[in-house]
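Right, one structure below, let's go through it.
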Amino acid sequence: MLGDDAELTAAVLAAQDGNETAFRTVYRAVHPRLLGYVRTLVGDPDAEDVASEAWLQIARDLERFSGDADRFRGWAARIARNRALDHIRMRGRRPAIGGDETELTGKAGESDTAGEAMESLATDSTLSLIARLPQDQAEAVVLRVVVGLDAKTAAETLGKRPGAVRTAAHRGLKRLAELLGGDPEADGVLDALPPQREPHTRAVTSASVTHTRPRTQKDM
């Protein structure tokens with residue numbers, strides 16, 4: 001486990017021990033992608049509120065979490081998904097997020113359009129397109145590509161089999177590539193998906209992090 005994953009794992013461990021600086025590090029590392037996931041579920045107007053509710057639960061339940069950076073992302077995504085689904089049930093339906101599929105249909109297809117779809121996944125316009133996919137495809141694409149979960153962790157988040165998540169992500173990305181002007185049968189559509197990650201055996205500790213007073217929500 002190297003780089004950002006090792007740092008996030010160490011930050012989670014330190015945050016569990018009450019280090020508020022570490023908790024801010026966790027928040028800043030995970031929140032942008034988590035917010036993108038929530039946005040595909042509830043829409044722009046409500047995404048920030050739902051994400052805030054998710055972070056309140058994450059902060060409250062953090063001491064009970066066990067695992068590394070990969071597992072934390074999946075755990076946080078499950079909490080965010082549950083809060084989003086609660087919100088949707090209260091409102092009565094899944095929203096149609098602002099944006100129109102015609103925004104990108106005229107994009108030139110002379111280069112690797114599947115790659116272009118991947119590169120623009122984090123933009124508001126493309127998140128709007130993702131939200132217009134069938135919900136299983138939208139969630140699979142965002143969890144695997146934007147949040148960065150492997151198929152197993154994404155499947156645990158959604159309560160599905162890994163194969164079903166891979167299939168949904170494949171179909172969703174093909175549709176996005178088509179909207180971006182590419183060939184929906186392009187072989188490279190899934191090339192940029194995060195690879196399957198092997199279980200980590202190397203332990204990361206928080207010994208090098210100075211512990212301070214318990215974290216507070218205002219410091220996120």
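By convention here, the first residue in the shown sequence is residue 1.
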| How long is the span from the CZ atom in R175 to the CD1 atom in I130, to the nearest 0.5 Å? | 13.0 Å
| message | I'd like to check the side chain to side chain contact (heavy atoms under 4.5 Å, CB included) partners of A47; sequence neighbours left out, ordered by chain and number. | response | L35, V38, R39, V42
| message | If the threshold is 4.0 Å, N to carboxylate O, is there a salt bridge linking E178 and K174? | response | no
| said: How long is the straight-line distance from CD of Q135 back to CG of L158, given to the nearest 0.5 Å? | reply: 9.0 Å
| Between A169 and V141, which heavy-atom pair has the shortest distance, and what is it? | O-CG2, 3.8 Å
| Check against side-chain contact (heavy atoms from CB on, under 4.5 Å), W75 and I58 | CA-CA 9 Å; W75 180 71; I58 290 167; 3.7 Å; yes
| query | Side-chain contact, heavy-atom cut-off 4.5 Å: L8 with V30? | reply | yes
| task | Would you mind reporting whether L149 and R144 have side-chain heavy atoms less than 4.5 Å apart? | result | no
| Within a strict 4.5 Å, meaning less than it, do heavy atoms of the L62 and F23 side chains meet? | yes
| Minimum side-chain heavy-atom gap F72-T9 below 4.5 Å | no
| Sequence neighbours excluded, which residues qualify as side chain to side chain donor-acceptor pair (under 3.5 Å) partners of D136? | none
| request: Report the residues that fulfil side chain to side chain contact (heavy atoms under 4.5 Å, CB included) with N82, sequence neighbours left out, ordered by chain and then residue number. | output: none
| Would you find more than 12 non-hydrogen atoms of other residues, nucleotides or ligands less than 6.0 Å from R71 atom CZ? | no
| field | Non-neighbouring partners of T153 that pass side chain to side chain donor-acceptor pair (under 3.5 Å), sequence neighbours left out | value | D150
| request: Determine the minimum heavy-atom distance between L34 and W55, stating which atoms define it. | output: CD2-NE1, 3.8 Å
| field | Closest non-hydrogen atom pair between V146 and R33, with its separation | value | O-CD, 2.6 Å
| Once you round to the nearest 0.5 Å, how far does CG of L13 lie from OG of S66? | 9.0 Å
| Side chain of Q57, backbone of I79: donor and acceptor closer than 3.5 Å? | no
| query | Charged N to carboxylate O below 4.0 Å: is that the case for D68 and R73? | reply | no
| request: List the atom of T157, the atom of G74, and the distance in Å for their closest heavy-atom pair. | output: OG1-O, 3.5 Å
| task | Could you grab the distance from atom OG1 of T25 to atom CD of E20, nearest 0.5 Å is fine? | result | 11.0 Å
| query | Quick one: salt bridge (charged side-chain N to carboxylate O under 4.0 Å, His left out) partners of D86, sequence neighbours excluded? | reply | R83, R89
| query | Under the salt bridge (charged side-chain N to carboxylate O under 4.0 Å, His left out) test, which residues partner R81, sequence neighbours left out? | reply | E139
| field | Rounded distance (nearest 0.5 Å) linking atom CG of L85 with atom CE of M90 | value | 13.0 Å
| Under 4.5 Å between any side-chain heavy atoms of D61 and F65, yes or no? | no
| Closest heavy-atom contact between A15 and A22? | N-CB, 3.7 Å
